[in-house]
*Asks:* 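This structure is in structure tokens; I'll ask about it shortly.
Scope of the values below: all heavy atoms of this structure, side chains included, with no hydrogens, waters or symmetry mates. Chain A is the first sequence line, chain B the second, and so forth, proteins listed ahead of strands; every chain is numbered from 1.
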Amino acid sequence: MATDSWALAVDEQEAAVKSVSGFRLGDSTWGVIKTSTTAEKTDEEEKEDRAAQSLLNKLIRSNLVDNTNQVEVLQRDPNSPLYSVKSFEELRLKPQLLQGVYAMGFNRPSKIQENALSEILVHVCPQNLIAQSQSGTGKTAAFVLAMLSRVEPADRYPQCLCLSPTYELALQTGKVIEQMGKFHPELKLAYAVRGNKLERGQKINEQIVIGTPGTVLDWCSKLRFIDPKRIKVFVLDEADVMIATQGHQDQSIRIQRMLPRNCQMLLFSATFEDSVWKFAQKVVPDPNIIKLKREEETLDTIKQYYVLCNNRDEKFQALCNLYGAITIAQAMIFCHTRKTASWLAAELSKEGHQVALLSGEMMVEQRAAVIERFREGKEKVLVTTNVCARGIDVEQVSVVINFDLPVDKDGNPDNETYLHRIGRTGRFGKRGLAVNMVDSKHSMNILNRIQEHFNKKIERLDTDDLDEIEKIAN
DNA sequence: AAAAAAT
């Protein structure tokens with residue numbers, strides 16, 4: 001298959017696309033599963049309950065998602081058969097890996113896993129892949145399985161490398177890798193993240209490395225902890241931000257250039273803005289492409305509001321009025337800068353509200369502790385920056401507040417970040433709530449443009465009207 | 001503007 005003819009096919013994507021339509025469930029809604037809340041539970045029992053609920057919701061999610069999404073698969077070789085596995089057995093995963101999959105509560109592949117894993121694993125020669133599918137559809141499990149099934153545990157050097165945009169996401173993904181791979185006793189994972197210091201001249205024995213761009217680059221080049229030439233699988237999670245000019249492009253591309261020519265590249269994200277999508281196809285040679293094209297689905301399960309204010313102090317007052325309603329479950333409050341985030345957290349504390357703060361200016365040890373407390377539900381409200389906009393999966397989050405609307409460096413609306421932020425809620429097809437704080441004509445204009453972009457109504461909310469708040473909190 | 005490094 002010549003590269004040139006593929007380049008043509010990309011331009012004529014519509015024509016070449018093979019479409020697999022899923023069927024839609026009726027209007028039957030899935031009930032939220034609640035664990036019984038008998039009194040006097042120990043911390044341990046509490047933890048187990050959470051784990052059980054998370055597992056159940058995963059099952060619901062995979063079924064729900066499976067039936068409501070449309071998948072587009074575009075193969076590098078249009079003549080090759082279109083595989084779509086319906087069970088994990090068909091993938092002929094190693095038994096230890098299959099054991100890990102089932103132990104995590106996955107009974108059958110979600111739509112993205114069905115298609116992505118077929119493309120990644122079934123072909124004799126490893127092929128590159130660019131995959132887009134909305135938050136909470138099982139992307140992480142898909143690329144984790146891809147790495148785990150290609151790794152050779154007997155070889156004691158890094159063979160799979162995965163990049164995450166933030167420290168917290170690297171930790172989260174690392175946990176998934178550890179869980180899925182736990183029945184392979186000789187398999188080890190290394191975290192190439194800030195604060196993980198190794199001795200000079202040391203070599204990494206772990207077969208899989210998860211990390212953030214700066215540290216991974218150091219480990220591969222200057223510090224020589226990793227031999228990049230022996231990497232077989234290279235994964236970019238949140239791939240659009242990893243290769244975008246405003247994102248981690250420099251470091252990601254420098255790492256990519258050190259990899260061997262035959263290294264398999266897998267790019268995953270919920271969003272690919274047009275120019276980034278084109279760039280991705282330049283960066284990744286001869287990719288297979290998978291798109292789960294139902295962006296609206298995310299927005300259908302999330303009710304969006306805005307609150308009209310005149311300045312920052314009014315936003316703060318409005319937020320205080322909302323506080324009781326948002327703490328029914330867990331909430332995330334996004335600010336544009338670290339400074340605003342720490343100011344807001346301090347002010348809320350002064351008002352007697354318990355909040356946690358997470359931003360990139362904090363020490364990594366502190367960051368790890370805060371995200372852990374939030375995951376455990378010990379913190380109900382997290383005030384943060386875009387550091388938590390993507391990928392962070394905390395199930396009990398049902399409210400997202402944009403204290404500041406997401407804008408890029410030119411002050412234009414950042415639609416991708418908006419979708420990622422509000423995608424922290426409404427996970428597993430659960431209902432979620434997003435509240436946007438508007439404090440000027442300018443920010444109202446930004447909000448209107450976001451509303452137009454997604455073609456989804458964002459309703460006004462009056463935070464002085466207690467009945468209104470009651471209504472949204474229901 | 002935030003994130004990302006043993007700079």
*Asks:* Starting the side chain at C-beta, find the nucleotide from dA4(B), dA1(B), dA6(B) nearest to P213(A).
*Replies:* dA4(B)
*Asks:* Picking from dA4(B), dA3(B), dA1(B), which would you name as closest to the side chain of K409(A)?
*Replies:* dA1(B)
*Asks:* Determine: side-chain N/O of T166(A) to OP1/OP2 of dA2(B), distance under 4.0 Å, yes or no.
*Replies:* no
*Asks:* Could you work out which one of dA5(B), dA2(B), dA4(B) sits closest to the side chain of R338(A)?
*Replies:* dA2(B)
*Asks:* Grab the CZ-P distance between R254(A) and dA4(B) for me, whole Å please.
*Replies:* 17 Å
*Asks:* Take the protein atom CG of D218(A) and the nucleotide atom P of dA6(B), then report the distance between them rounded to whole Å.
*Replies:* 7 Å
*Asks:* If you find the nucleotide of DNA chain B closest to Y167(A) and the one closest to K222(A), which residue's nucleotide is nearer the 5' end?
*Replies:* Y167(A)
*Asks:* Whole angstrom is fine here: how far is it from CG in D250(A) over to C1' in dA5(B)?
*Replies:* 13 Å
*Asks:* Rounded to the nearest angstrom, tell me the gap between atom CH2 in W343(A) and atom C1' in dA1(B).
*Replies:* 18 Å
*Asks:* What is the distance from NE2 of H336(A) to C1' of dA1(B), rounded to the nearest Å?
*Replies:* 4 Å
*Asks:* Regarding K203(A) and the six-membered ring of Y157(A), is the cationic atom NZ or CZ under 6.0 Å from the ring centre and inside 45° of its axis?
*Replies:* no
*Asks:* On a heavy-atom basis, which atom in C320(A) and which in H353(A) lie closest, and how many Å separate them?
*Replies:* SG-NE2, 4.3 Å
*Asks:* Would you indicate, yes or no, if dA4(B) has its OP1 or OP2 atom less than 4.0 angstrom from a side-chain nitrogen or oxygen of R390(A)?
*Replies:* no
*Asks:* Is R200(A) touching bases, backbone alone, or none of the nucleic acid, heavy atoms closer than 4.0 Å?
*Replies:* nothing
*Asks:* Choose from dA1(B), dA6(B), dA5(B) the nucleotide whose nearest atom is closest to any side-chain atom of Q251(A).
*Replies:* dA5(B)
*Asks:* Classify F225(A) by what it touches in the nucleic acid, base, sugar-phosphate, or nothing, heavy-atom distance under 4.0 Å.
*Replies:* base
*Asks:* Between I371(A) (CD1) and dA3(B) (P), how many Å, whole number?
*Replies:* 13 Å
*Asks:* Round to a whole Å and report the spacing from CD1 of I255(A) to C1' of dA5(B).
*Replies:* 11 Å
*Asks:* Which part of the nucleic acid does L223(A) contact within heavy-atom distance under 4.0 Å: base, sugar-phosphate only, or nothing?
*Replies:* base
*Asks:* What is the distance, to the nearest angstrom, from the CD1 atom on I392(A) to the P atom on dA3(B)?
*Replies:* 12 Å
*Asks:* Could you tell me if Q75(A) and E119(A) have a donor-acceptor pair between their side chains, going purely by distance under 3.5 Å?
*Replies:* yes
*Asks:* Within the structure, does a side-chain N or O atom of T215(A) lie under 4.0 Å from either OP1 or OP2 of dA5(B)?
*Replies:* yes
*Asks:* If you only use heavy atoms from C-beta on, which nucleotide in dA1(B), dA6(B), dA4(B) is closest to the side chain of T212(A)?
*Replies:* dA4(B)
*Asks:* Strictly below 4.0 Å, N to O, side chains only: are R373(A) and E376(A) in salt-bridge contact?
*Replies:* no
*Asks:* Charged N to carboxylate O below 4.0 Å: is that the case for D155(A) and K232(A)?
*Replies:* no
